[in-house]
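What follows is one structure encoded as structure tokens, with my remarks underneath.
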Amino acid sequence: MVEYMILAVIMAVLYFVLIKNRPADKSDWETLPTLPEYQKVKKTKNEQGELCCQYCGNTETVERPLNSEKENIHKTKFYHACTSCKVILWRIEKNRSA
């Protein structure tokens, strides 16, 4: 009986050490590249040197706020999406103005 109790304690310790204390996964917004990271990717500038969508080559983007209340409490997180193919390209975080 004591062996089962020791085994249960060991399993509980392993659970809390390996599973509960694991760092949280990145959110979808955090996995997006920042603008400087996006500019380093190939095919993000057209022949005229303008920033463009790496997928379709369109130079027009739209800035939209991150809608998640949990992740965007202060309304400072935004993402840029291509107006043609609607792919989200990069993220930005603006300083909160007083």
Side-chain angles (χ1 to χ4, degrees):
M1 184 65 168
V2 173
E3 295 88 11
Y4 291 118
M5 291 179 71
I6 293 172
L7 184 59
V9 169
I10 291 172
M11 289 174 60
V13 168
L14 285 175
Y15 171 77
F16 283 105
V17 169
L18 297 177
I19 296 173
K20 279 297 210 180
N21 290 333
R22 184 178 59 192
D25 293 333
K26 287 185 174 182
S27 67
D28 289 340
W29 187 81
E30 291 174 322
T31 60
L32 291 171
T34 61
L35 181 56
E37 292 169 347
Y38 180 76
Q39 290 173 328
K40 291 179 184 176
V41 176
K42 293 181 183 178
K43 299 186 208 172
T44 58
K45 297 210 182 213
N46 61 13
E47 294 82 25
Q48 292 81 24
E50 298 174 309
L51 191 62
C52 65
C53 174
Q54 66 181 354
Y55 302 102
C56 71
N58 186 21
T59 58
E60 295 180 27
T61 60
V62 62
E63 179 180 283
R64 296 206 170 110
L66 183 64
N67 290 331
S68 172
E69 291 292 327
K70 183 179 178 183
E71 289 183 65
N72 197 11
I73 297 168
H74 302 295
K75 307 290 186 213
T76 59
K77 296 179 180 181
F78 298 86
Y79 63 89
H80 286 256
C82 175
T83 57
S84 179
C85 66
K86 310 294 189 239
V87 173
I88 298 173
L89 303 173
W90 69 85
R91 65 182 163 104
I92 62 168
E93 188 164 2
K94 297 180 180 180
N95 291 332
R96 208 169 115 182
S97 59

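In this text the structure is predicted, and so the values were computed from the model without any measurement. We number each residue from 1, following the sequence as shown.
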Subject >> C53 to C56 - nearest heavy-atom pair and separation >> reply: SG-N, 3.5 Å
Taking only distance into account, with no hydrogens and no angle test, what donor-acceptor pairs under 3.5 Å do side-chain atoms of residues 80-87 form with protein atoms, sequence neighbours excluded?
unit_1	atom_1	unit_2	atom_2	d
H80	NE2	E63	OE1	3.1
T83	OG1	N58	ND2	2.9
T83	OG1	E60	O	3.2
K86	NZ	T83	O	2.8

Subject >> Over all atoms of both residues, closest heavy-atom pair of N72 and T76 >> reply: OD1-N, 2.9 Å
**OP:** Please answer: with hydrophobic residues joined when any side-chain heavy atoms are less than 4.5 Å apart, are F78 and L35 in the same cluster?
**Re:** yes
**OP:** State the OG1-CD distance between T34 and E93, to the nearest 0.5 angstrom.
**Re:** 11.5 Å
Original post:
Do L14 and M11 belong together in a cluster built from hydrophobic side chains that touch within less than 4.5 Å?
Top reply: no
Subject >> Between CH2 on residue W29 and CD on residue E71, distance to nearest 0.5 Å >> reply: 8.5 Å
Original post:
Can T59 and E50 be counted as having a side-chain donor-acceptor contact under 3.5 angstrom?
Top reply: no
Original post:
Does a sphere of radius 6.0 Å around CG in D28 hold more than 12 heavy atoms from other residues, nucleotides or ligands, not counting ones at 6.0 Å or beyond?
Top reply: no
Original post:
OG of S27 to NZ of K77: how many Å apart, nearest 0.5 Å?
Top reply: 6.0 Å
Subject >> Single-linkage hydrophobic cluster, 4.5 Å side-chain cutoff, I10 and V2 together >> reply: yes
Original post:
Going hydrophobic residue to hydrophobic residue with side-chain gaps under 4.5 angstrom, can you get from L89 over to L51?
Top reply: yes
Original post:
Any side-chain heavy atom of K75 within less than 4.5 Å of one from E69?
Top reply: yes
Subject >> Reference residue R64; test side-chain contact (heavy atoms from CB on, under 4.5 Å); the match among T61, V62, L66, N67 >> reply: V62
Original post:
Between I92 and Y38, is there a shared hydrophobic cluster once you connect ILVMFWY residues whose side-chain heavy atoms come closer than 4.5 Å?
Top reply: yes
